[in-house]
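Just so it is clear, the values below take in all heavy atoms, side chains as well, and ignore hydrogens, waters and symmetry mates. Residue numbers run from 1 in the order of the sequence given.
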Amino acid sequence: MKLFPRYRRPGLGTILGTMQAKRHISRHYKLAYWQHPIQTPVNNAKRRVLRKAGYYSDPMKFLRWMLRLGL
């Protein structure tokens, strides 16, 4: 059991299971690369910078969770 709630709330597609089917099709046919050839590397670079800066570390997740609660 987790001490803190999920980092993000699941979307409706995740709850209904439609996202799993869409992801399977997208990965099987490699559609993301063809739909967003420029956006994908930019988003990957942004995520890499945030990860190096510690944005996704447990203390930062906890701090953002506390800020969302308004504490």
Side-chain angles (χ1 to χ4, degrees):
M1 183 170 149
K2 286 189 166 189
L3 181 61
F4 298 106
R6 287 175 53 100
Y7 180 54
R8 291 171 40 177
R9 278 184 279 154
L12 186 61
T14 304
I15 293 170
L16 296 177
T18 56
M19 279 306 299
Q20 187 174 7
K22 284 176 71 172
R23 276 193 215 111
H24 176 72
I25 291 168
S26 180
R27 288 177 182 156
H28 185 266
Y29 294 108
K30 298 184 178 23
L31 297 178
Y33 176 76
W34 297 106
Q35 290 171 342
H36 311 287
I38 295 173
Q39 183 181 3
T40 303
V42 170
N43 287 344
N44 286 345
K46 179 181 172 185
R47 215 171 35 252
R48 209 173 306 125
V49 167
L50 288 174
R51 193 170 47 243
K52 255 196 181 309
Y55 185 78
Y56 299 114
S57 66
D58 288 337
M60 284 299 292
K61 285 183 186 179
F62 178 72
L63 179 64
R64 286 193 301 277
W65 179 72
M66 294 290 285
L67 291 173
R68 274 197 311 268
L69 291 177
L71 301 175

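Taken together through direct or relayed side-chain contacts under 4.5 Å among Ile, Leu, Val, Met, Phe, Trp and Tyr, F62 and L69 form part of one hydrophobic cluster. V42 and V49 fall into different hydrophobic clusters, where Ile, Leu, Val, Met, Phe, Trp and Tyr residues are linked whenever their side-chain heavy atoms come under 4.5 Å apart, directly or through other members.
A pairwise comparison of heavy atoms in M19 and T14 identifies CG-N, 3.8 Å as the closest pair. In this structure, R64 and Y56 approach most closely via the heavy-atom pair NH2-CA, 4.4 Å.
Under the 3.5 Å distance criterion, the side-chain polar atoms of S26 are left unmatched by any main-chain donor or acceptor of K22.
Put simply, CG on L63 and OH on Y55 are 10.0 Å apart, with the number rounded to the nearest 0.5 Å. The OG1 atom of T18 sits 9.0 Å away from the CZ atom of R23 when rounded to the nearest 0.5 Å. The CH2 atom of W65 sits 15.5 Å away from atom CE of M60, with the distance rounded to the nearest 0.5 Å.
Contacts of Q20 classified as side-chain contact (heavy atoms from CB on, under 4.5 Å), with partners at least two apart in sequence or in another chain: none.
Shown here is I38, whose CD1 atom has no more than 12 heavy atoms of other residues, nucleotides or ligands within 6.0 Å.
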